[in-house]
Amino acid sequence: MSTVELTKDNFEETVTGSDILLIDFWAAWCGPCRMFGPVYEKASERHPDIVFGKVDTEAQPELAEAFQISSIPTLMAVRERTVLYAQPGALPPQALEELIGKIRAVDMEDVRQKTAAGSAEAN
């Protein structure tokens, strides 16, 4: 599967309809973004069960602002509507593969329990 251009119009639907979603926040003028693009594209071809989205921060400033993106590229991993990873910087291919493996391995039931416990403590 190739990457999907995410916009404010399709973002919610894409997040809701995806078990695992990786999001690359980027801009055309950004050198590291252009270097990371082919790495990200190749990973999308190796993992057709994962949705690989791209947010052009110039064209979609509302999305960049909503996620408080201050540096690009920023890679975000969302699983079952929960952000599990969000870090700026272009990853080399092996590091991206390792991240994908870690995202797949997360026990989401454990995450939900911890999130619920944290919400209960906040109230």
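Atom set for the values below is all heavy atoms of this structure, side chains included, hydrogens, waters and symmetry mates excluded.
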dist Asp49:CG -> Arg104:CZ (nearest 0.5 Å) comes out at 4.0 Å

Salt bridge (charged side-chain N to carboxylate O under 4.0 Å, His left out) pairs touching residues 17-28, sequence neighbours excluded, are Asp24-Lys54

(Q) Does atom CD (Glu65) have a neighbourhood of more than 12 heavy atoms from anything else shown, all under 6.0 Å? (A) no

Residues 65-113 vs ring-ring contact (aromatic ring centres under 6.0 Å, His included), sequence neighbours excluded, gives Phe11-Phe67, Phe25-Phe67

Ser71 and Ile69 have their tightest heavy-atom pair at O-CG2, 3.5 Å

- Hey, is Glu109 close enough to Arg112 for a salt bridge, meaning N to O under 4.0 Å? yes

**Q.** N/O donor-acceptor pair under 3.5 Å between Thr57 side chain and Trp26 backbone
**A.** yes

A side-chain contact here means heavy atoms from C-beta on lying under 4.5 Å apart; do Ile50 and Ile103 qualify?
no

message: Within the structure provided, determine whether Phe36 and Ile72 are in side-chain contact (heavy-atom separation under 4.5 Å).
response: no

Between Val55 and the options Gln60, Glu62, Met76, the side-chain contact (heavy atoms from CB on, under 4.5 Å) test singles out Gln60

Q: Report yes if the side chains of Gln113 and Asp107 come closer than 4.5 Å at any heavy-atom pair, otherwise no.
A: no

Min side-chain heavy-atom separation Thr16-Arg81 under 4.5 Å: yes

For Cys30 and Pro73, the nearest pair of non-hydrogen atoms, with its separation, is SG-CD, 4.0 Å

Checklist entry - Is a side-chain donor or acceptor of Arg79 paired with a backbone partner of Met108 at a separation under 3.5 angstrom? => result no

Residues Ala43 and Glu97: closest non-hydrogen pair is CB-OE2, 4.0 Å

Closest non-hydrogen contact found for Gly53 with Leu21 is N-CD1, 4.1 Å

Smallest heavy-atom separation, Glu58 atom then Ala27 atom, equals CG-CB, 3.9 Å

Tell me, do His47 and Leu96 make a side-chain contact under 4.5 Å, heavy atoms counted?
no

Smallest heavy-atom separation, Leu6 atom then Leu63 atom, equals O-CD1, 4.2 Å

*Applying the 4.5 Å side-chain criterion to the ILVMFWY set and letting contacts propagate, would Ile23 and Met35 be lumped into a single cluster?*
no

Q: Check whether any side-chain heavy atom of Phe52 sits under 4.5 Å from a side-chain heavy atom of Leu22, and report yes or no.
A: yes

_Measuring only between side-chain heavy atoms, which start at C-beta, is Leu91 closer than 4.5 Å to Val39?_
no

